[in-house]
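Here is the structure we will look at, set down as structure tokens.
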Amino acid sequence: MTTKPWQGRFTQPTDKFVEEFTASIGFDKRLYRHDIEGSIAHVTMLARQGIVTEAEKEQIVTGLRAILADIEAGNFDFSVALEDIHMNIEARLTERIGAVGGKLHTARSRNDQVALDIRLYLREGVETVREALRGLMMALLEQAERHLDVVMPGFTHLQTAQPILFSHHLMAYFEMLRRDLQRFSETLGRINVLPLGAGALAGTTFPIDREFVAEELGFAEVARNSLDAVSDRDFAIEFNANAALVMMHLSRLAEELVLWSSANFAFVDLGDAFCTGSSIMPQKKNPDVPELIRGKTGRVYGNLLALLTVMKALPLAYNKDMQEDKEPLFDTLDTLLGSLKIFAAMIAAMTVNAENMRKAAGSGFSTATDIADYLVRKGLPFRAAHEVVGKIVRFCVEQNKTLPEVTLAEYQRFSPMIGEDIYECVTLEASVNARSATGGTAREAVRREIERARRELA
Ligand code: ARG
């Protein structure tokens, strides 16, 4: 039987099932590198403060490095009896270097240790997420640049509203992801705080130097209250909330890709590599990737709710409930990274059917607002203009005509203010390019935003 570091107070062995039930090693082993990094910084500080000797520190650091190499080489047996990654590594250290290994945990508790590990882990995680976000933003930007002349219908209520540039639509997602990027960097500031030194909850009796440890580990700040340091998981919840927002954005684009790639729209082709077939219907090419991303959004929302619920009403300071923070957090990180990566590749591979988009943009009287604006420029109040154009549209529906097909004589039956120049504002290009103020869909305005986005990403 493995002896547990906390065995001293106990006379009976742990029930086997309790052991399995309480262990976190199955999932927290992925913190091994951060656990060791934190321990090395901690023991370096202990030696500097004269709490352990220089020779003891050397032994411990050498032992920890050897364990790191063992884990990385797959030569480490993780033991459920040793509960978690912290005790697994500590027990192995003592096996390797003898009783001196037991000095590593001086002036430390697993409570501040685990808080440290998660912060180190998430700090790296945020960087990878930011990288992946940038990758997707770049893929969107490149498609937007490539298709600057493609006109599509813009929708409200999923009904054709006004013609827009396909690039403008893609760049809307760029904006969402830009905010996501910002949110993650703001959260990073709250992740990057050193909890170590809080001990179990009250601090430690040893003359430690927390500022030194913070500096060693690249933390910008030291947690100011030991109770808060060991019981704060706000940063993890925040990370998950940011992730939930990203997934919400991805799921909206995923939904559009599902629609656009259907035979009824036929706006885009997602490429065979990103679709799968049906086992019964030979004609099918299903957009599984965007569908799955839409579906996975649910688990990231679920993880957020799980974290909030774990933390709800927990008395200060550490409670074992908090061990339940890791699985949702890890799952969110994995799901988010996987979704971002595959999304970027899918967007890059997507081909566009400009002709179908244009055809769709030309139907549904998408330039009706432009005629109303035209009448307003001729002096008619907007409400009156709206009324006139409504009648023109009804006429078109009855006559089965599009707006550019209406003759001037027909137009003038509805308003004598309409002249030959009406035809300059009912075309798709005229409609799009008339919206040229910042943030509008005019080619020039979109091109400016694409350029600005390029500079920002660089
Ligand atoms: N495995 C534990 C967790 O993830 C580490 C902290 C344990 N602390 C304790 N007092 N039992 O939360």
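Atoms within each ligand, like the ligands themselves, are counted from 1 in listed order. Just so you know, these numbers come straight off a predicted model, no measurement behind them.
- Remark: Arg30 engages Asp334 in a salt bridge, criterion side-chain N to carboxylate O under 4.0 Å.
- Under the 3.5 Å distance criterion, with hydrogens and angles disregarded, a donor-acceptor pair is assigned to the side chains of Arg123 and Asn192.
- Every atom of ligand 1 with a heavy atom of Asp84 under 4.0 Å away is listed here by number and element: 1 (N), 2 (C), 5 (C).
- On a distance-only criterion, Glu83 and ligand 1 share no N/O pair closer than 3.5 Å.
- The single protein non-hydrogen atom nearest to atom 10 (N) of ligand 1 is Asn111 OD1, 3.0 Å, given as residue, atom name and distance.
- Scanning all protein heavy atoms for the shortest distance to atom 11 (N) of ligand 1 gives Arg110 NH2, 3.5 Å.
- In this structure, Ser79 contributes its side chain and Leu82 its backbone to a donor-acceptor pair below 3.5 Å.
- Polar contact with ligand 1: absent for Lys320 (N/O pair, distance under 3.5 Å).
- Taking every non-hydrogen atom of Ser24 and a distance limit under 4.0 Å, the qualifying atoms of ligand 1 come out as 1 (N).
- Here Lys326 has side-chain heavy atoms under 4.0 Å from ligand 1, and that is the only part of it that gets that close.
- At a cut-off of 3.5 Å, with distance as the only test, a side-chain donor of Ser39 or Arg108 sits close to an acceptor on the other residue.
- Here the side chain of Asn356 pairs a donor or acceptor atom with the backbone of Ala266 at under 3.5 angstrom.
- Under the 30°/60° scheme for interplanar angles, the aromatic rings of Phe265 and Phe267 are found to stand perpendicular.
- Listed by number with element, the atoms of ligand 1 under 4.0 angstrom from any heavy atom of Gln323 are 1 (N), 2 (C), 3 (C), 4 (O), 12 (O).
- Donor-acceptor pairing under 3.5 Å is recorded for the side chains of Arg146 and Gln143.
- Protein heavy atom in closest approach to atom 12 (O) of ligand 1: Tyr318 OH, 2.5 Å.
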